[in-house]
Structure formats: C-alpha cells, structure tokens
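All remarks here apply to the structure that follows.
Everything numeric in this text was worked out from a predicted model, so none of it was measured. Naming: A, B, ... by sequence-line order, numbering from 1 per chain.
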Amino acid sequence: MPCLEANSNSIPPAAEMPLVEMSGIGKTFAGVRVLEDVRFELSPGEVHVLAGENGAGKSTLMKILCGVYPDYEGEIRLAGRPVRFKSPHDAFRHGIAVIHQEIALIPDLSVVDNIFLGREPVRRGGWLDRSGQRTKAREILDQLGLDLDERQPAGDFSVAIRQMIGIAKALTFAAEVIIMDEPTATLNGPEAERLFTLIARLKAQGRGIIYISHKMEEIYRLGDRATVLRDGRFINTARLPDLPEEEFIRWLVGRKLDQQFPPRRASPGATRLEVTGFPLPNPAGSRNNVGAGVTFRVAAGEILGFAGLQGSGNSELFHGLFGACGDEVGDSVMLDGRPFRSVSPAYSLRHGVALLTNDRKGNGLVPALSTARNITLAALKKFSPRGWLRPKSEQEAAATQRDALNIRVASLDQEVGELSGGNQQKVVLAKWLETAPKVLLLDEPTRGVDIGAKHEIYELMNRLTATGISILLITSEMPELLALADRILVMHRGRIVAEFDRTVATPEKIAHAAMGE
Amino acid sequence: QPVSAESANPAKKWTIGMSQCNLGEPWRVQMNADVKKAAEAHPELHVIFKDAQNDTLKQRAHVEEFVAANVDLIIISPKEAQPLTPPVVAAMHAGIPVIVLDRRVVGDKYTCFIGADNKKIGQAAGRWIVQKLGGKGTIVELKGLMTSTPGQDRNSGFREGIKGSDLKVIFDVDMKWLEPNARKEMESALSRFSDISLVYAHNDPGAHGAWLAAKAAGREKNILFVGIDALPQEGQAYVKQGILTASFEYPTGGREAIENGLKILNGEKIEKEIVLPSRVFTAETVDKGGEWLK
Amino acid sequence: MKSWFRHPFARAMAALALVLLLGFIFNADGAFFKWGTHSDMYRAISVYGILACGMTMVIIIGGIDLGVGSILGLSAVLFSLLAIRQGWPPWMAIPATLMAGAVCGLAAGGLIARFRVQPFIATLAMMVFARGLAKWISGGQKISTVIQKANGDFMNVPVPAVFDQLGAKILHGNLAVVTVIFLISIMVCWIILTKLRWGRFMYAIGGNEEAARLSGIPVWAMKLLAYGLSGLFCAVAGICQAAQELQGDPEAGVSYELTAIAIVVIGGTSLAGGRGGIGLTLLGALTIGYLEKILSINAVGEAARLMLTGVIIVGAVLFQRMRK
Amino acid sequence: MKSWFRHPFARAMAALALVLLLGFIFNADGAFFKWGTHSDMYRAISVYGILACGMTMVIIIGGIDLGVGSILGLSAVLFSLLAIRQGWPPWMAIPATLMAGAVCGLAAGGLIARFRVQPFIATLAMMVFARGLAKWISGGQKISTVIQKANGDFMNVPVPAVFDQLGAKILHGNLAVVTVIFLISIMVCWIILTKLRWGRFMYAIGGNEEAARLSGIPVWAMKLLAYGLSGLFCAVAGICQAAQELQGDPEAGVSYELTAIAIVVIGGTSLAGGRGGIGLTLLGALTIGYLEKILSINAVGEAARLMLTGVIIVGAVLFQRMRK
Ligand SMILES: Nc1ncnc2c1ncn2[C@@H]1O[C@H](COP(=O)(O)OP(=O)(O)OP(=O)(O)O)[C@@H](O)[C@H]1O
Ligand SMILES: Nc1ncnc2c1ncn2[C@@H]1O[C@H](COP(=O)(O)OP(=O)(O)OP(=O)(O)O)[C@@H](O)[C@H]1O
Ligand SMILES: [Mg+2]
Ligand SMILES: [Mg+2]
C-alpha cells in the first residue's frame, strides 16, 4: 500500500521537538511586502489555527511552507532540520499535504484520478493500478460521506463537492503535516462535521494540522493554539482555551468589534418576485431532474434565505432564475407584476436581477483584468455612455466600493487574480452591487470573508433592503442564515420542503427539513 | 500492342491522366491550360487533371490512381525525379504509356520526355546580358527556390553564361519564386548599392517585383530587368509595357504533350527525348513572337 | 524603475532593442543608417501588420484566425476584378471588397460563436474555402492589367489610378501609403481595445468566458465582431497588396497567417487570450520587420537566414525575460 | 444511447462516417470500393499521422508544436546523408536520426518548460531553425542516390536496402510498411496516455497547470517529455518520408504542421489542452485522409477542391454537434 503508509523520510514524533518551525519569514510580490518577519510553530498532534483578516498573508505563509513559493526570506525547520522546498513535489516528499483555498482540481479528470494525482499507485513496470486506485478512493470518499460516481469528471460537481474531493485528496496520503486553508468555506454543517471527525482522528495519530478559517465556532472547537497575522506581520500565538474570543478578535482586527450580527429590522414591502412552478434547470449529466418545479415569492426589502444540503438544487435554482442556463422559462416568474423571461444573464441584468455565484474562480472573476475593471464589468454600460469608456468615473466607483467593502489591494490596477481569496470574494460582491440590482441572488456571499468585513457586508445588506432591494440568500453558515434571513426556505432534492419565519427557525428544525425528514 | 488494335475504331474515346505536381505557380497553371486547349481540339480525348499540391507522395498516389482507373495514357509533370520513378515504371508495366513533362524521372522506363533545359536558358540569358551590357556592369540575381532544380540550373547556367566577362554579381538572394519576396530583397539591394546595372530574376514575377521596388525608389530607369518564363500575360506583357528588357521563354510543353500523346495512342512512333526550343522576348521582338534561341 | 521593466510593453521594447542593436552592428556598409532602408521595411511589414491588427483582437478574445492569408488573397483578387476588369470606381470597389472580407470573417465567427466550433477548425475551413473561392473567381490566373481577349491575344489596359495612389510613397517618397494605412489600423484597434466598451468585453471574454457571460456581456456578438473586424482588416490588407503588386494574385497571402500570429505573439500578447494589446503588436511587427530587413540587407544565404531567425527570435524572447 | 453520442469518440466517428458516406456516393466509378484506394490513402496519411501522434501529446499538455514539419525535413535529410552518403547501416543511422529529432524537440521543450517561452514562439523558432539546418547540412540539395562526383559528373549509387524495406508494401502489396509504423506510433501513444502515469500527468497539466503543479507533478519534466517525444515522432516520420521518396529533401514537410494539428483537432482534441486522446487522432487522420482521397479520385479541380474541403470540414463538425 504505497499510498497510505507513512512517508519514508518523515519525522519521528518527538516530545518537545516541534514538527514545523518557521522563523523570520518574509515575502515580497513585485515590490509589495506581504510577509514580514513572521514566525510559526506546529507540534505533533496539534491543530494550530492560523488566523487573520483577508490579505493578512495566511495563504502566502502556507504556500511558502508547501513549496509553492521557493523564493522567500527566513528559515523553515522540519523536526529541527532546516529545509528549503523548491517545489510542491519536494514538500510532499517531506510529508506535507495541503488543501488549498482555491480548489485545485483538474476539471476533466475523474474524481479518482484527481484524488491520486501526482502519486498514483503503479504496478511493476510503471503501469497504472486503476482498480487499486478505485478501491482506495472509495474508502476515503465513504469516510467523508460522499456518495458519488468516482469515475465522473471532477468538473461536473458543485463547488462544495469539489471542496470535499480536495479534502479527500489531501487525506489519502498519510502526511505528517496537513495544511487546511479554509476547508469549510463552502461546506454545509453535516459535511463539515465529517471533516472534523477526520481531523480528530488525524490528531490522535500524532499528525500536525494547520487550520485556516474565518469561522469562530470552528476555530474554538478544533484549535489547540492559534497564531494571528495582521498586514503580513506576526501578532501573537496563544493557547486557544486560554484566549477569550473578544481578545482574539481584537488581535485579528486591531480593534474591538461589537456584536457580529447587526440588528435586522425587516420592513417587507410589495411583492417583488413571484415564482410559480419554476422548473429547475438540468445541467448536463446531472441525474436529479425534478418535474414539479419551485414556487415562492419575495417581497421588496426582504431577505429570503435558502437552506439545503449538498445537491438540494438551490444553486441551480439561482442559475435558472438568472438565465444562466439559457432556456426560456415561460411565464413562471413575475417581477414587479410583469412576466420575467430570464433568457440570458444580459436580460436579467437589464431587468435588475443579479447573481453572485458560489464559484468566484470559475465564473465570478476575470483574473487577468484589474480589480477596478472587474468591479465595473457587469455595469459597464453605466461607465461607457455611447460605448466610450470613462476610466475616471470607473476608477471612482471602484474606489468607493473598495472603501465600502474594505477590499485590500495594493492598487485598483492590481490584477484581481493576485488578490487574497477573501478580497477576491469582496470584488465579486462589489461587481454585483455596482449593477444597482432590484433583486440580488447571493450564493455564499461571505465565502472566505473575514469577520470584520462580514460585519460590514451584513450592515450593507440591511441598508440595501431598507432601500427596497430584495435579496435571495444561500449560505452554508447557519448563524448567518438565522440572523439575516427574514424567512427561510429549505430545499431537498430540488423541492421546497419547508418554510420558516425568522422568529421560529432553529438550526435543528432546518437541519431536519434539509435532510428530507 | 492493344493500343494499335483499338485505334482502328474512330469512335474510340481516349482517357488521358494528367498529373500536375503543383498549381500554385502561374507557369504550371499555363501548362494545364495548354494541355486543355490542345486536347479540346480533339473530341476523342478526355483529360483528367490532378494536382498534387507540391506533395511528392500525393503525386505518387495520383499516378497509382490513374493506373487503377486504367487510363489510356499518363502525362506527368513530376515534382521529384527519384520518388516518382517507381510509380511511372509501374504504369509502364501495366501497359500504360507515360509522357514525362518538364522534369525528368530516373532511368529510361517512360515513353517520352518533353521539356526545356533550364541550364541552357540560364546560359543564354547570361550570354545575352553580357552582350547587352557590353561585358561590364553590376548584377543583382534574384534566385528561385534554391532547393529546386530549376532554381539551381537557372543559377548555374547563368553563371556559366557570364563567365569571362566583367559582369559582377553584387547581390544574390533566394526569393523563392515569390513576387513580394523579390520586392523586399530588391529594396535591400537598392539601399545597399547605388549602382546596379541589371536585375536577373529567375522568373518574371520576381523581375516585376524588383521593378516595383526600383520604381518606388525612383531608380527603375537606370536599371535593366530580365526575367524567365515569358508567359503571354506575364513576361511578354511586362516586356511590352517596357518593364522588362527581356524575358526568356520556358515553354510548358502542354501542346506538344497532347500532340505526341495522340501519336502514341494511334500507334505512331515518336522520339523518346523531345527538348523544346526556347525564345527570348525583347521590346523589338515581342510583337513578332520573340526570337528563337540557338 | 524595476516595475517598469515588468510591464509587457517594456519587455517587447527590449526584444526590439536587441534586434535594432544587431542592425547597428551588421549595418551592411551603412545601409542600415539610411532612412530608405527603414521606410522600405515599414512598407514591407505593413500588409502583415494590418492582418496582425485584426488578429490581435481575435487572440485577445481567446480565439485564433487562420483564414487571414486566404481572405487577403480573395480580397486582392476581388478588388482587382472590380477595379480593373469591371472598371468600378474606387468608392464602389473598395467598400465592396471590404464588405466581402467582413462577410468571410463573420462567417467563420458565426460558426465559432453560434455553433461553438473550435476557432482553429472554423478558420481553417475558411482558410481553404476562401483560397478556393479566390482561385475560382480568378480562374486561377493573376488578375492584372493584361487581359486575354476572345481571340486569345493579350491586351493591356491602363492601371486604375487607385492602384497607383495606394501603392505610392508620400512625403517625397519617404513613407509608403500602405504604412499610413497600417498606422491607421493600429489606431482604430487601439481605440476599440482601450477606449470602447467593446474592447473591455473582448478582454473579459478572453480572460474568463463564463464570468463574462454571467456579467451580461453579449459573448457571441463580441466574437462575431472580432472575427468580422479581422475579416475587414484582411480586406484592407488585400487591397493594399493588390495596389502594390498592380495585380490580384489568387496565391497572395499564402502562409501569412503564421506571420500575423507571430507578430502578435512576439509582441507579448498571450495566445491564451485575455491579455496583451495593440501597442505590443506594433512592437512585434517592428521586431519581425527589422529582423527580416537586417538579414536581407546583409544578403544572408537562405540556410543561415533561417537558422539565424530562429536563434534571434529565441534570443529576443529570452532577453525580455532577463530584464525581469 | 444518448450518452453514447455525447462521447467525443462517437462524435469523431460521426464526422468520419459523413466523409465515408460521401465516398460511397461519389465513388468515382467504383474506385472507392477497391482496397487499393484505401491502402493508398492509409499510406499517404501515415506520415502526417505519425506527426499527429506527437502533436496529440503536446496539445493535450496544453501546448502546440509548429516545428514538426521542419524536424521531419531535417530528419529526412540527416537519415539520407547517413544511410546513403556515409553508408551507415540502418541500426546506426536510424537511432542517430531519432536522437537528432528528439534533441530538437527537447530544445524547444526546454525553452517552454524552463524559460516559460510561449510554445507558439519556441516551436516557431525551432521551425525556422531546423529548416535552415536541413538546408545547411544538405547544401540545399536533395540527398539522393544520384551523387555528383568531383569532376561534375553524376553517378548513381544503389539504394540502401532499408529505404526499400521501409518504403515497401507488405501482405502482397496490400499494406504499406509506413502504415504499420503509424499504427505502432498510435499504440505507443495510447499506452503512454492511458496506461502510464506520464499520460495522466499530461492531461492534468493541460487541464489546469497550476493545479497540477500544486499536486506535486513535475510539470517541466513532463513538458520536456511531450516535446521530446514529438521530436522523436518527427524523426520517425522523416525516416518514413525519406524511405518512400528514396531521398532526403530539405524542403520535405513544409506546412505539414498545419495538417498534423488539423488531424488532432478535427478528431476532437481541444487546442485548449487537457482533453482528447490518441484514438480521436486516429479518427481525425482517417477523416482528413478520406476527404482528400475522395476529392482526389474524383479529380475535382483545384478551386472546387479547396472550397469543398472547407465546406465538408464545417459540415462534418456541425454533423458531430447535431448528434448531440
Ligand atoms: N501572486 C501574487 N502577486 C501579488 N500579490 C499577491 C500574490 N498573491 C498574494 N498577493 C498579496 O499578498 C497578500 C496576502 O495574500 P494571502 O492570499 O496570503 O492572504 P490571506 O491571508 O490568505 O487572505 P484570505 O483570508 O483572504 O485568504 C494580499 O495582499 C495579496 O494581494
Ligand atoms: N454543471 C453541472 N454538471 C453536472 N452536474 C451538476 C452541475 N452543476 C451541479 N450539478 C449537480 O447538481 C446537483 C445540484 O447542484 P447544486 O449546485 O444546485 O447543489 P447545491 O445544493 O446548491 O449544493 P452546494 O451546497 O454545493 O451549493 C449536485 O448533485 C451537483 O453535483
Ligand atoms: Mg487565503
Ligand atoms: Mg448551493
């Protein structure tokens, strides 16, 4: 079993000897300093949380540790021995496995092939051992509770499943150090739970886990120690049980943060969107074709939450409403009392409907364009009367959004592909806000966003709804859903199975309904 | 001979397969046109044209296809001697007479070769130029593709022709038969040399391109231009327009091929090697149909 | 300072500078220092450059256009047929030819945009089709002022004035008209790509087509636009070529697509789409133009010329990296 | 059933079927039904097919190789020089030529993998360089059994047996040896692409290079491998070409790169990389081979042949979509 056995040149667990020691780490991108004299330490059998605001440098620090950026300053020691990785391959051979923040799968390769990519088990003579691969893949997928055809291309699956495949990929190999960069950003409760169980098991085996997250509950539940970065600098390391949450947040944000969820005063107006028997689009290859259709209505100024597990079809519903699938939907949708035939995204945008998808890398951003140009992309008509661009007003609008959402960029001309994950998410949100929509479909709007910025986004949503905008919201974070949504619809296998008012909704009720019980 | 037996029947239709190696050059288009024109005069002839697009192996396949279709006669203007020899031999073995046009095949397994001699034409051009310039002057030579035999022969023949004179070739480059290339190269020659007596180009489009370059530089009056091929609508017309001083004919042999083909089909005896004579066209002679080279 | 060198434009400049340096060293007895040499080079590269203008937009939008050389040939033939044989005045012959070029581009673009045919295949098909059409309408012959009469004799008609005008040099023979047309094409593309909404859309589509679509960008219309414009520029180039050669050659433009793509790519525009610009294409055209010119004035033999071209291209590209 | 048609292989089959259908209809008085016609076609397409084998891997890894035609020419010349002029035995001449081809491929691959030169540029440079080298070592002459002696006379040396063997047809003249070599090349690629880790790596790199790198795949080694193998297949094709032509022509293979790429792409392998396969390339080769053959046995004129080729390519590709 070449893949599950411990790596040959891995480090023997020593009592005091830390597994990983990083000291004096510095990193510069094109003249911009993103890490300065950072230190970090990981012991065997420990879950060490790495925390900080968006753009603080967490992912960069981890990419240095796993060999992605070979040119850095400072020193890394593995079990006391100094190392300098030249490539991810190099790092893996030293027993370091990573779940990257941006899901790094090959869309056209099957799930099994993705899981074993780069360390395929081979039979004698270098031939691929396909059946062996499949059995092993099944094993780990079952542990993660993933019931899917492992021969299907990975690109066919929703973001959450792809995230799970990424996790499976890192866990299939018995690495000494496992880095998890926001593994639960798109995961629902039950899926996250299974991951936590696995983490506990790995911990018990003496592996070291570096865990990056913006979700407070998780951090406190899993973490043994936490290290905080801010603006690329080391702030502090502390044992988590001894660290009050308030203090922790102060380290993170540099100031005190009042309650996380601003109070919501809902004042729903007239019916804005009325959906009757809307047929869910059926993406090629997907087997859950549901005939009945979906029925609901949203009022102006209301936030309507959608809950549902993996495969409930809520993301597909949003895509369909927005016209992203391109089919004519007939008269099943009424917007402000008039039929709304969402034939294309352009049509929807003209009628004031915007969709923020849950896959910012796949279909949210144009990485090669600058931050400012991404922000104005969907509303470009506004900035180009009669077709001529107005770069100045574009720049001004982008600057306004940057300040409102606290987007950390070196300059608005920086390519958006170079931003940190959370900041990219804010750029996508800014892009859709810039279209001044009447109806905003938000699928995981706060994916990977730090707590400070989340707070501001929540306030922003309150302000938007106060002006009569309707928001449809999908989020995998239960507290967020409960605190923001005025009503919550629960979906299961393409149907709406329950509806709760905010006053009566509880996590348990929603979870039950979501499982179809 | 099955051929002569059948030729008694006047209603007999003959099918001729014509394999052209490339139709990307006007000269070869002209060859096909000549074949076609000559054949149209004989209602009993039906010619199938195939164009190998400058691909030896494709041309080989074409000959094989003609054999498979059992044509009565094959005319081939081969791209290459060596690789096209085996299919020609195979056709002869199958009892199909083969006329080889313009370029040769190896050995003597063919019915008849018709073609002109590039080396002789090059030589004639050289001697003519020596005479024209009075044995003294500077020459720009715009060569055809130097990996092709016509290019090599038109070059070596020319060099032999001017041997012993005081003519100096000051600039020689490969323009690959193409007019835009010739113009570009000539521009370079013009910017390097203030004194150029004559441009010798391996084909008329090349000479025309050179003339265009000289005209743009305002120097076309001080330079003579000589080309080869002398197609009526190209070289001969350029001479008439006063663009070229002379153009040397490189006959296509299309008409001769049909004429001799008919003889073969009718069982007549013909010569195995027919070297086509060539003409030079100058301002004085162009209207009279040129002057035959000795 | 340091970041200046990272800019693609500066890197394309570095490659051009290297080539110019070679020109200074191997100046062919001073021929390289004459303005005429440079103006000749600009003339020679102009037709390729005009093709490269359309190609830049097609590549930025994430496609490729193999049809440019053939559409150029078709346009050259058509323009000559109309202007010489039919005797149409320029104000009719030119728009008609431009229209025909644009239609060819749109046809390929339509296959790509509506039927999702790979750009390589759709434009390859256009490449062979347009070449066949050029040969068909010309009867395989060059369309020149020499015309075959019914009796088989040839007669010579005068060259239409528009040929002379477009093929001429202005400013006392110091600048070719086609070079001016090339510079105007560059300007037009520059405006489209940097000043108009369309340009932004093209970059967005090339960068992430799905994100562009979801942002309400009319992806297929933009693709049609890019390929249509490319066809239009091919027609412009074809007219220029015909005017310079005083004839419409159905073989004109064979393998020009490779040069046009090379100009765009050596400038620094990525074939992956979404990045690059027309300024880079201008520099790429100059780099390739000077490279050819320097080898030409030094009368370098064919074999050595090819080998040197390969080596210098690599050298120039590596030189670009080095400054980084 | 429905999903079967969605499979790329089935779609490539549809295109081939359409072309074969045309062959049945326009069978040129039954010529299309003779085995000889088919075996000729297989022979004619084999050299292109061998190039397309290497090209498939390069395209799957997300690159492109413009150098194949030139490396073929260089190999043909080198092989002829070694086997005819130097009189080397086949077991020395063949490996030496293969080595040279692989080195050319590796050189281009090295620029791409190590210095991140765009594949288009690196292989374009190799394309001109190898062509120049072929002309240089051959002195611009075809290397055949006709040898010019010092005194200017020509003498004819016998054709080495290896030329006859490789250029022959086996099974009573029913199958060309080069076709067998083509099929073996297909098999080799099939094993690499589907049975070995290398193939998996190539698909991964073409699908998402960054993700592949993060998965610990030695990206640059794989790129070297793909381009090196492509060079190797070029040398195989060059040897086959020389054997069939009984000479080494320094102009051999000009513009073959376009045909090789077309075979791969028409099969259905995407130029974007990461998708496709060698089986598709086989189908693509047959489609293009039959298309040419059918036009050829019907002796369609040049202009019409080109236009029909364009139309049928588009038709075949649209036909593929239709079944979906
Ligand atoms: N390739 C790059 N080029 C230039 N700047 C970069 C690049 N990658 C990251 N950065 C910058 O480095 C800083 C740190 O980014 P990093 O991704 O490490 O943040 P992070 O802490 O992981 O944030 P998040 O919580 O949003 O994921 C950011 O300001 C980002 O813009
Ligand atoms: N493009 C696609 N091709 C094939 N199947 C798809 C595609 N998109 C989604 N699916 C499948 O359709 C089902 C529903 O997907 P959807 O994204 O709506 O789920 P979801 O409940 O929103 O999940 P998530 O929590 O990941 O957002 C899933 O099984 C998913 O794998
Ligand atoms: Mg991050
Ligand atoms: Mg969802």
**Complete:** Whatever's closer than 4.5 Å to a heavy atom in chain A on D:Tyr203 counts as both
**Heavy-atom pair with the smallest gap, counting every atom of A:Pro107 and D:Gly207** = CD-O, 4.3 Å
**Message:** For A:Lys169, which atoms come within 4.5 Å of any heavy atom of chain D: side chain, backbone, both, or neither?
**Reply:** side chain
**Request:** To the nearest 0.5 angstrom, please state how far the CD atom of A:Glu120 sits from the CG atom of D:Leu196.
**Result:** 11.0 Å
**Prompt:** Hey, does A:Pro88 have a side-chain heavy atom less than 4.5 Å from the side chain of D:Arg213?
**Reply:** yes
**Request:** First locate atom CD of A:Gln133, then atom CZ of D:Arg200, and finally report the distance between them rounded to the nearest 0.5 Å.
**Result:** 5.5 Å
**Prompt:** Which heavy atom of D:Asn208 sits nearest a heavy atom of A:Leu105, and at what distance?
**Reply:** ND2-O, 3.5 Å
**Nearest-0.5 Å distance that lies between atom OG1 in D:Thr194 and atom CH2 in A:Trp127** = 8.5 Å
**Asked** Are there more than 12 heavy atoms of other residues, nucleotides or ligands under 6.0 Å from atom CZ of A:Arg151?
**Response** no
**Prompt:** How close do A:Leu109 and D:Ala204 get, heavy atom to heavy atom, and via which atoms?
**Reply:** CD1-CB, 4.0 Å
**Complete:** One option among A:Ala104, A:Ala170, A:Gly118, A:Cys66 has the most heavy-atom pairs under 4.5 Å with chain D, and it is A:Gly118
**Item:** Over 12 non-hydrogen atoms of neighbours within 6.0 angstrom of CE in D:Met92
**Value:** yes
**Prompt:** Side chain of D:Arg197, backbone of A:Leu128: donor and acceptor closer than 3.5 Å?
**Reply:** no
**Beyond-backbone contact of D:Leu214 with A:Val98, side-chain heavy atoms, under 4.5 angstrom** = no
**Top contributor to chain D interface from A:Asn114, A:Val68, A:Asp113 [non-hydrogen pairs under 4.5 Å]** = A:Asp113
**Asked** Checking heavy atoms, do the side chain of D:Ile191, its backbone, both or neither come under 4.5 Å from chain A?
**Response** side chain
